[in-house]
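As a basis for the values below, the full set of heavy atoms in this structure was taken, side chains included, without hydrogen atoms, waters or symmetry mates. Below, read A as the first sequence line, B as the second, and so on, with proteins coming before strands; counting in each chain starts at 1.
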Number of protein chains: 2
Amino acid sequence: MAEEHKLPTIKEIAQRLNISVSTVSRALHDHPSIGLRTKMRVQQLADELGYEPNKIAIFFKQRKTYAIGVVLPSLIEEFFSKAISGIEDVARKNKYHVFIGQSHDDVEMEKEIITAMKDQHVDGLIVSLSKQTKNYDHFMALEKYNIPVVFFDRVPSLSNVHKVAFDMVNGTKQMLEFLIKKGHRRIGILNGPEEMISSKERTETYKQVMIKNRIKIDMSLVESTDLSLESTATAVEKMLSLKPRPTAVVAINDYVALDGIRHAKKLNLELNKDITFVSYANIPITSFLQDPPFASVEQYPYKQGSMAAEILIELMNNSSTSESFHNILINGDLVIHATGE
Amino acid sequence: MAEEHKLPTIKEIAQRLNISVSTVSRALHDHPSIGLRTKMRVQQLADELGYEPNKIAIFFKQRKTYAIGVVLPSLIEEFFSKAISGIEDVARKNKYHVFIGQSHDDVEMEKEIITAMKDQHVDGLIVSLSKQTKNYDHFMALEKYNIPVVFFDRVPSLSNVHKVAFDMVNGTKQMLEFLIKKGHRRIGILNGPEEMISSKERTETYKQVMIKNRIKIDMSLVESTDLSLESTATAVEKMLSLKPRPTAVVAINDYVALDGIRHAKKLNLELNKDITFVSYANIPITSFLQDPPFASVEQYPYKQGSMAAEILIELMNNSSTSESFHNILINGDLVIHATGE
DNA sequence: CTGTTAGCGCTTTCAG
DNA sequence: CTGAAAGCGCTAACAG
């Protein structure tokens, strides 16, 4: 069945045409210094034989693979799969291919993937950090191989790296101001793990907005979850048993918000009346939900991905000049889901 | 910043040690015929210099890339991202890397990706077809390059290919028998595009089960959607305006079922009483839904992915013998979501 | 306009 | 036990 047809090479073309391989190579590349006659003869024979350049040989020779690696926590989160689409589109436009690796929020896995990608000689990397990652040595080591890295969404707390991230400060301000304008004074936060920069930023912004609006800050209104089911349940429970209960809660993401909503319903609280939940958007089917969060901040994952890819491509082209570091902030937009209140 | 440290090669090690490259190569590979002394000297210097083999050079030499390509319609569907995880796990265990490409259900895109992967010299491919794909020439062409292909989930209607798919006949039987046992006699089908094998199988099984249960077949109870929003809306509308109305509806997937459910509610039908919806599972957050489908058939995407990968790896190892074709059917299981009825 | 030659890094006969 | 040499397919500097 499988005929061991070894594929034709420029060498073979050269022999058949009684010319040199370099001429063939040049002809195939439409080099200006090749005579039209030979060019055509070569082209034609190449077509006849079904010649296709061996990309691996070319990669080897050029020291370039036209591949970019993408490392992220999980494809299952719609946020990331949308980001990938953004990356892919930009990559394709620039003739690059994309390798994807999932860290599943495990640092060791993340390191493994990075190593694998370095071994495969990707020309550059786009990374969203695992939840566990606190040390960035495995990324810094890539400099040695001249592999540029652009981080997105979950970015390191370093200034000497390239990154694209959601503007948490601004997004959170929008949310809080929105709630305050609606009359809420007692606003809770269901925050993420304290190690994540975004969590810190959320807390800081919270304080800042409260001060600006002359609302006294009550840190018992800020609960953290490591995003596991149990931890989230505990946080939600604590939050809803506070006295007095918050009238609005900002959750780190839609899933956490939904957990809060379920719990509130169990307590027979009327949604968007006794208590309002808002969050940062990351689930697909809000429209099918009975009680969606009242509003969420859209984080534009496709845009984050495509911007990261654009920056990376720029870096790969001017590998020489690493003058300054990109630090892009993506502005979120408030989207209202529910009606009522 | 970026030091042009070119990476050490075996040649360099050889020179420094005043031995030949072949000896270095063998020493590094722990070849039995190399003296312990030299072996150790080489190993040590290699460590000192931070030597790492140039994989691209090796790929080039070995004509093998240890990469497998995965082509599927969309990562955003949880079904596929879970399948990927299955593929990745098996691949990693066998030292393979995974390239992913999304066809976005576009044949042209699918062809492009296949070409790109062929150019990158992947050692094998795992594919779930785009909705549009009716002609399989671009896959058949891969034989020429000795790239084996394993299809999964959306597989071609050919017998001379390797494939892993959900057992639609069995899954549909389970569903229908379940409904019939619950007393339903007038059962509708919201089917997928007629070109998809699975749709045909669903219809055939429907007829078969009806006959077996001595229920007269009414083909007006079978509606098709091409899965676009409009088409689904139309199909749902037709289905629910049939007289008499079906008391149960089997939908091709959860999204279609949810559309049906929404529409039924608009008509003030009581769910799981006036009308019951069931479907084939593919959404993540059933537990958060107000009115989930009453039951769905779990299709085990992770398992489909990992089995496809295992078959592929087997094929890549014995590229010689393409004796017979794998044709695996995965059994679904009925999962009840709602209570009541 | 075309050919010769060297070489990318590594593996692998074939000879010692 | 070790070395020399060829070669994978392609590009490009150099020389006509």
Check nucleotides 10-12 of chain C against the protein and report each pair of N or O atoms closer than 3.5 Å, with its distance, or say if there are none.
| from | atom 1 | to | atom 2 | distance (Å) |
| --- | --- | --- | --- | --- |
| C:dC10 | OP1 | B:Y51 | OH | 2.5 |
| C:dC10 | OP1 | B:N54 | N | 3.1 |
| C:dC10 | OP2 | B:I10 | N | 2.8 |
| C:dT11 | OP1 | B:H29 | NE2 | 3.0 |
| C:dT11 | OP2 | B:S25 | OG | 3.0 |
| C:dT11 | O2 | B:K61 | NZ | 3.1 |

Are B:K64 and B:Y66 in a cation-pi contact, defined as NZ or CZ under 6.0 Å from the six-membered ring centre and within 45° of the axis?
yes
5'-most to 3'-most nt of DNA chain D touching chain B (<4.0 Å, heavy-atom partner on protein side) reads D:dC1 to D:dG9
If we ignore hydrogens and angles and just use 3.5 Å, is the side chain of A:K39 paired with the main-chain N or O of A:H31 as donor and acceptor?
yes
Describe the nucleic acid contact of A:I19 in one word from base, sugar-phosphate, nothing, applying a heavy-atom distance below 4.0 Å.
sugar-phosphate
B:E110 side chain to B:T133 side chain, donor-acceptor N/O pair below 3.5 angstrom
yes
Give every residue pair that meets the salt bridge (Lys or Arg N to Asp or Glu O under 4.0 Å) criterion with at least one member in residues 157-166 of chain A, sequence neighbours excluded.
none
Take the protein atom CZ of B:F60 and the nucleotide atom C1' of C:dG7, then report the distance between them rounded to whole Å.
11 Å
Using five base pairs at each end to define the local axes, how bent is the helix from C:dC1-D:dG16 to C:dG16-D:dC1, to the nearest 10°?
50°
Answer yes or no: is there a donor N or O on one side and an acceptor on the other, between the side chain of A:N135 and the main chain of A:D137, under 3.5 Å?
yes
Identify, with sequence neighbours excluded, every residue that meets salt bridge (charged side-chain N to carboxylate O under 4.0 Å, His left out) alongside B:D153.
none
Relative to the ring of A:F151, is the ring of A:F139 parallel (under 30°), tilted (30 to 60°) or perpendicular (over 60°)?
perpendicular
Do A:S25 and A:S22 have side-chain atoms, one donor and one acceptor, less than 3.5 Å apart?
no
Distance check needed: C:dT2 C1' versus A:L17 CG, whole Å only.
13 Å
Applying salt bridge (charged side-chain N to carboxylate O under 4.0 Å, His left out) to B:D106 and not counting sequence neighbours gives none
One pair to check against side-chain contact (heavy atoms from CB on, under 4.5 Å): B:F59 and A:Q120. What are the steps and the verdict?
CA-CA 10 Å; B:F59 294 161; A:Q120 292 273 343; 3.7 Å; yes
